[in-house]
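Just the heavy atoms: all of them, side chains too, but no hydrogens, waters or symmetry mates, feed the values below.
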Amino acid sequence: MCAFVLVAEDDEKQAELIRRYLEHEGHTVAVVHDGRAALDEVRRRPPDLLVLDVMMPRVDGLGVTRVLRGEGGGGSGSGSGVSSSAGIPILMLTARTTEDDLLLGLDLGADDYLTKPYSPRELMARVRTLLRRARGTHHPVVEGADAVPLVLRAGGLAVDPVRHEVTVDGRLVECTPGEFELLAALAAEPERVFTRPQLLDRIHGSSGYISVRTVDVHVLNLRKKIEEDPRRPRHLVTVFGVGYKLTSAAAFGAAPGAGLGAVAGRGA
């Protein structure tokens, strides 16, 4: 699973160490040392993954994330299927340790974070997870000789794990890899109520370093993208005291009894 990874880290020794570990796993790596250079490099050659330090000169990592998540156009990376800079997976590196600081990065659209100091093994594990997620290597299929991937549909909502696309009434919705994984998990089992730890496990695996509030941030961001009124969600709803669920297809304007679930086919 070789990829093009952009490392934005102002500490040159730390950046070189990250480069060596990434190249050891077969990845192609570019390194920049400030946020402005990171933005320029992404626009010149969109990476499959951005490893982004928060504290950088010129433009900090939060500013870089804000700009990239606000952009909808651009080219694709070298193999992940990312359609624009808005969808590039971002792994944020930070010396800030308060939960509010970490959640701010996720709220802006980062997919994962590591707090310094971190172990190289943990960094590489996060890189592998984000690349697998971005490439949609885990997706449901119809069993049999002519197995085909499934598109999860809910009336006007479609989640395509192969193309890694979400559409609402034909409108393409840009999702970060973490948001996509959460929405796909909910769409695969409509009306099931997931607890926050269950959803966190779907997104980040068994890592003990991630707060369950990460799920709340992803839900809030998804509601802004798929709900007519994010303050009064009708589709991605809270079950108080338990967690979250995706409601039935009828809420998305489907015919009565249409149901929400997996539909064979590659199109959205």
Side-chain angles (χ1 to χ4, degrees), residues 42 46 50 62 64-74 76 80-90 92 103-113 130 133-136 139 151-192 194 196 199-200 202-204 212-239 243-254 260-263 267-268:
V42 167
L50 173 59
L62 296 176
V64 171
T65 302
R66 184 181 292 107
V67 170
L68 293 180
R69 292 307 187 227
E71 295 182 346
S76 61
S80 67
V82 172
S83 61
S84 74
S85 59
I88 293 170
I90 297 175
M92 193 165 277
L103 292 174
L104 175 59
L106 293 172
D107 188 44
L108 290 173
D111 299 285
D112 201 354
Y113 60 79
L130 284 174
R133 188 189 301 160
R135 288 171 171 171
H139 49 267
V151 176
L152 306 171
R153 296 187 184 276
L157 173 71
V159 181
D160 188 332
V162 174
R163 295 179 177 176
H164 210 272
E165 288 182 351
V166 174
T167 58
V168 175
D169 295 328
R171 172 180 59 87
L172 186 65
V173 177
E174 292 280 2
C175 292
T176 69
E179 292 166 0
F180 184 90
E181 285 293 314
L182 188 148
L183 189 58
L186 291 167
E189 299 186 66
E191 300 295 346
R192 173 183 169 180
F194 287 84
R196 288 170 176 82
L199 289 171
L200 189 65
R202 299 293 184 97
I203 301 170
H204 293 287
V212 292
R213 286 185 61 195
T214 299
V215 173
D216 299 330
V217 173
H218 286 319
V219 167
L220 287 173
N221 288 335
L222 279 169
R223 283 173 174 166
K224 295 174 185 176
K225 298 175 180 181
I226 69 172
E227 299 281 0
E228 291 184 9
D229 184 352
R231 294 171 299 179
R232 296 178 178 83
R234 297 175 55 213
H235 315 311
L236 180 46
V237 300
T238 301
V239 179
Y244 298 103
K245 71 174 182 177
L246 193 65
T247 59
S248 66
F252 284 90
L260 181 151
V263 179

Any idea which heavy atoms bring [X] and [Y] closest together, and the distance?
{"X": "P46", "Y": "I88", "answer": "CB-CD1, 4.2 Å"}
{"X": "F194", "Y": "E189", "answer": "CZ-OE2, 3.8 Å"}
{"X": "D111", "Y": "I90", "answer": "OD2-N, 2.8 Å"}
{"X": "V151", "Y": "A158", "answer": "CG1-CB, 4.1 Å"}
{"X": "P190", "Y": "A187", "answer": "CD-O, 3.5 Å"}
{"X": "D112", "Y": "L106", "answer": "N-CD2, 4.1 Å"}

[X] vs [Y] side-chain heavy atoms within contact, under 4.5 Å:
{"X": "T247", "Y": "R234", "answer": "no"}
{"X": "L183", "Y": "L152", "answer": "no"}
{"X": "C175", "Y": "L222", "answer": "yes"}

Hey, what do you get for NE2 (H218) to CG (D107), rounding to the nearest 0.5 Å?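 Spacing of NE2 (H218) from CG (D107) equals 10.5 Å.
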Do [X] side-chain atoms and [Y] backbone N/O form a donor-acceptor pair below 3.5 Å?
{"X": "T176", "Y": "A110", "value": "no"}
{"X": "K224", "Y": "P230", "value": "no"}
{"X": "E227", "Y": "H235", "value": "yes"}

Going by the rule side-chain hydrogen bond (donor to acceptor under 3.5 Å, both in side chains), which residues pair with R196 if we only count those two or more places apart in sequence or in a different chain?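 Counting only residues at least two positions away or on another chain, R196 forms a side-chain hydrogen bond (donor to acceptor under 3.5 Å, both in side chains) with D216, Y244.
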Counterpart residues, side-chain contact (heavy atoms from CB on, under 4.5 Å), relative to R171 (two or more places apart):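 Only V168, V173 meet the side-chain contact (heavy atoms from CB on, under 4.5 Å) criterion with R171.
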Is K245 paired with E191 through a side-chain N to carboxylate O contact shorter than 4.0 Å?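 Yes, E191 and K245 are salt-bridged.
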Of T65, L50, L108, V64, which meets side-chain contact (heavy atoms from CB on, under 4.5 Å) against M92?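 Of all the options given, the one that passes is T65.
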